[in-house]
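Data block below; observations after.
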Amino acid sequence: MTDDGELLRRYVETGAETAFEEFVRRNLPLVYSAALRRMSGDAHLAQDVAQQVFITVAQRARALSRHERLTAWLYAATRNAALNLMRNERRRLARECAAEPEVSEAAGAGDFEASWEQLKPVLDEAMDGLGSGDREALLLRFFAALPLAEVGRKLGVGENAARMRVQRAMEKLRAALARRGVTSSAAALAVVCAQQATAASIPAGMATSLSATALAAPVGPGMKLLLWMKSAYVAPGAAAVFALLALGTATRNVMELRATEVEVAAARLEQSMLVSS
């Protein structure tokens, strides 16, 4: 199976929107479920969070295609987008309540088990407190639902070592939850996470809709520069000069491009022109 980084590389290098949509479809359960928990079950707000996450992915696709812990990045990006949206939502509600004192929010009803009801409000907070390696192991195993062999491949270890990492991380999560009043054995906690962590019902067509929205969002200047270099006819070597000049005057996103990336892009442009000449 093509990994997530390769899907993003294919999108960046060839503009294949189908590759980006596959990336969204594959990672939407993780992102949407985490967003739904953080937004207290509000499906509309959770969808807004997921949309912002994948817009960011589209804008930073080149850098993210090389990210070693992409699953963990998506989880952190979901947290940050949710926090931003919650701040905005609190301001909106404060304004509405000031204008209309009788405004109140209806509590959402849930169909989960009581154990999950206890776990759900504090799970992401406890996950945030784990070390990045422990969080990555749990995300891959229970939130992304990968088999241990695949978890090991992504972590760069064997299957047995991956199993031990997951077990140690789950024990740390159990201890963190116990400090928040949720007591459970590590084994029972693993079962609940595996069954419920990404059990949110994703609306039909949501992946396609989010992909279209993300791809339609304004493209960052760094990506515009590389797309220009790939499409414009420029004398050999001039693309590299243009890129270096742009790096000194464009926005921070362009400045973050590595010099090697510019050189590679220029070399590819020159090679394509030689082939076509």
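Below, each value reflects all heavy atoms present in this structure, side chains not excepted, and no hydrogens, waters or symmetry copies. If you read the sequence from its start, that first residue is 1, and numbering goes on from there.
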Heavy-atom side-chain proximity of [X] to [Y] below 4.5 angstrom:
{"X": "Tyr32", "Y": "Asn27", "result": "no"}
{"X": "Asp124", "Y": "Arg79", "result": "no"}
{"X": "Arg153", "Y": "Asp3", "result": "yes"}
{"X": "Leu173", "Y": "Met127", "result": "yes"}
{"X": "Glu17", "Y": "Glu21", "result": "no"}

How far apart are the closest heavy atoms of [X] and [Y], and which atoms are they?
{"X": "Leu146", "Y": "Arg141", "answer": "O-NH1, 3.0 Å"}
{"X": "Leu45", "Y": "Leu85", "answer": "O-CD2, 3.4 Å"}
{"X": "Ala162", "Y": "Leu148", "answer": "CB-O, 3.8 Å"}
{"X": "Thr78", "Y": "Ala34", "answer": "CG2-CB, 4.0 Å"}
{"X": "Ala50", "Y": "Leu28", "answer": "CB-CD1, 4.3 Å"}
{"X": "Val12", "Y": "Ala61", "answer": "CG2-CB, 3.5 Å"}

Any chance you could measure [X], atom [atom1], to [Y], atom [atom2], to the nearest 0.5 Å?
{"X": "Thr213", "Y": "Gln52", "atom1": "OG1", "atom2": "CD", "answer": "11.0 Å"}
{"X": "Leu155", "Y": "Glu68", "atom1": "CG", "atom2": "CD", "answer": "11.0 Å"}
{"X": "Asp48", "Y": "Asn84", "atom1": "CG", "atom2": "CG", "answer": "12.5 Å"}
{"X": "Leu189", "Y": "Leu123", "atom1": "CG", "atom2": "CG", "answer": "7.5 Å"}
{"X": "His44", "Y": "Leu36", "atom1": "NE2", "atom2": "CG", "answer": "11.0 Å"}
{"X": "Glu22", "Y": "Ser211", "atom1": "CD", "atom2": "OG", "answer": "9.5 Å"}

Item to complete: Would you please say whether a donor-acceptor pair under 3.5 Å links the side chains of Arg69 and Ser132?
Response: yes
Worksheet item: Does the side chain of Glu136 come under 3.5 Å of the side chain of Thr71 through a donor N or O and an acceptor N or O?
Response: no
[Y] backbone acceptor or donor facing [X] side chain under 3.5 Å:
{"X": "Arg180", "Y": "Ala176", "answer": "yes"}
{"X": "Arg9", "Y": "Ser65", "answer": "yes"}
{"X": "Arg38", "Y": "Ala82", "answer": "no"}

Fill in: Cationic N near anionic O, under 4.0 Å, Glu171 to Arg168
no
Worksheet item: Do the charged groups of Asp4 and Arg26 touch, with an N to O distance under 4.0 Å?
Response: yes
Worksheet item: Does the pair Asp128 and Tyr75 meet the rule for a side chain to side chain contact (heavy atoms under 4.5 Å, CB included), with working shown?
Response: CA-CA 9 Å; Asp128 291 345; Tyr75 184 78; 3.7 Å; yes
Worksheet item: Should we count CD of Glu6 as having more than 12 external heavy atoms under 6.0 Å?
Response: yes
Discussion item. For Lys172, is the NZ atom crowded, meaning more than 12 foreign heavy atoms sit under 6.0 Å from it?
Written reply: no
Discussion item. Working note: Phe20 + Leu8, criterion side chain to side chain contact (heavy atoms under 4.5 Å, CB included); need CA distance, chi angles, decisive distance, verdict.
Written reply: CA-CA 6 Å; Phe20 185 82; Leu8 291 182; 4.2 Å; yes
Worksheet entry | Test log, rule side chain to side chain contact (heavy atoms under 4.5 Å, CB included), inputs Leu74 and Val57 | CA-CA 9 Å; Leu74 285 168; Val57 171; 3.9 Å; yes
Practice prompt. Answer yes if Ile55 and Met39 sit in the same cluster of Ile, Leu, Val, Met, Phe, Trp and Tyr residues linked by side chain heavy atoms under 4.5 Å apart, and no otherwise.
Written response: no
Worksheet item: Shared ILVMFWY cluster between Met164 and Val151, side chains joined below 4.5 angstrom?
Response: no
Item to complete: Evaluate the criterion side chain to side chain contact (heavy atoms under 4.5 Å, CB included) for residue pair Thr18 and Phe23; output intermediate values, then yes/no.
Response: CA-CA 9 Å; Thr18 54; Phe23 176 90; over 6 Å; no
